[in-house]
Amino acid sequence: MTSEVDETPGMSEALGYEQARDELIEVVRRLEAGGTTLEESIALWERGEELAKVCRRWLDGARARLDAALAEETSDEADAE
């Protein structure tokens with residue numbers, strides 16, 4: 001039995017946010033549609049968890065960059081006064 005879920009370790013690390021998000025949406029759609037075996041459902045669930053972590057890392061990184069930029073801007077404004 002072959003699953004269509006990409007299970008290559010480390011492969012998710014190379015995904016961009018949009019790619020991971022789009023694949024996660026597809027995983028959720030397939031899980032909600034049903035019709036998969038228990039093993040396929042578990043593989044999909046695991047892939048979804050991995051993709052969600054990738055998305056979270058991208059979002060956390062973006063938040064950190066925004067916070068750093070805002071802190072720098074605030075620091076520059078304080079120095080100018």
Side-chain angles (χ1 to χ4, degrees):
M1 174 180 342
T2 303
S3 173
E4 293 178 24
V5 178
D6 179 10
E7 298 174 8
T8 308
M11 191 69 147
S12 295
E13 300 301 318
L15 289 176
Y17 172 77
E18 290 80 6
Q19 292 170 307
R21 181 203 58 213
D22 292 347
E23 188 178 341
L24 179 57
I25 290 168
E26 180 61 19
V27 165
V28 170
R29 186 198 61 74
R30 289 179 61 192
L31 283 169
E32 288 178 341
T36 57
T37 66
L38 177 59
E39 287 135 1
E40 290 170 332
S41 294
I42 290 171
L44 284 166
W45 179 269
E46 290 171 342
R47 181 62 178 162
E49 289 290 327
E50 184 179 343
L51 292 164
K53 288 177 187 175
V54 170
C55 290
R56 174 57 56 197
R57 279 193 297 272
W58 275 106
L59 292 172
D60 288 347
R63 169 54 64 192
R65 289 174 64 190
L66 287 170
D67 289 346
L70 290 172
E72 185 178 315
E73 182 179 302
T74 302
S75 175
D76 290 345
E77 288 173 0
D79 290 343
E81 292 177 2

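If you read the sequence from its start, that first residue is 1, and numbering goes on from there.
- Contacts of Gln19 classified as side chain to side chain donor-acceptor pair (under 3.5 Å), with partners at least two apart in sequence or in another chain: none.
- Separation of atoms CH2 (Trp45) and CZ (Arg30) is listed at 15.0 Å; rounding is to 0.5 Å.
- Residues meeting the side chain to side chain donor-acceptor pair (under 3.5 Å) test with Arg29, sequence neighbours left out: Glu26.
- Counting only distance, with no hydrogens or angles, the side chain of Trp58 and the backbone of Leu15 share a donor-acceptor pair below 3.5 Å.
- The distance from the CZ atom of Arg56 to the CG atom of Leu51 is 14.0 Å, given to the nearest 0.5 Å.
- Panel note: side chain Glu46, backbone Ala43; no donor-acceptor pair is recorded below 3.5 Å.
- Distance check: Cys55 SG to Glu50 CD gives 11.0 Å after rounding to the nearest 0.5 Å.
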> Which is it for Leu24 and Val54 under the side chain to side chain contact (heavy atoms under 4.5 Å, CB included) test, yes or no, and what are the steps along the way?
Replying inline: CA-CA 10 Å; Leu24 179 57; Val54 170; over 6 Å; no

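- With side-chain heavy atoms closer than 4.5 Å counting as contact, directly or through intermediates, the hydrophobic cluster containing Leu38 also holds Ile42.
- For the pair Arg47 and Glu23, the salt-bridge criterion is met [side-chain N within less than 4.0 Å of a carboxylate O].
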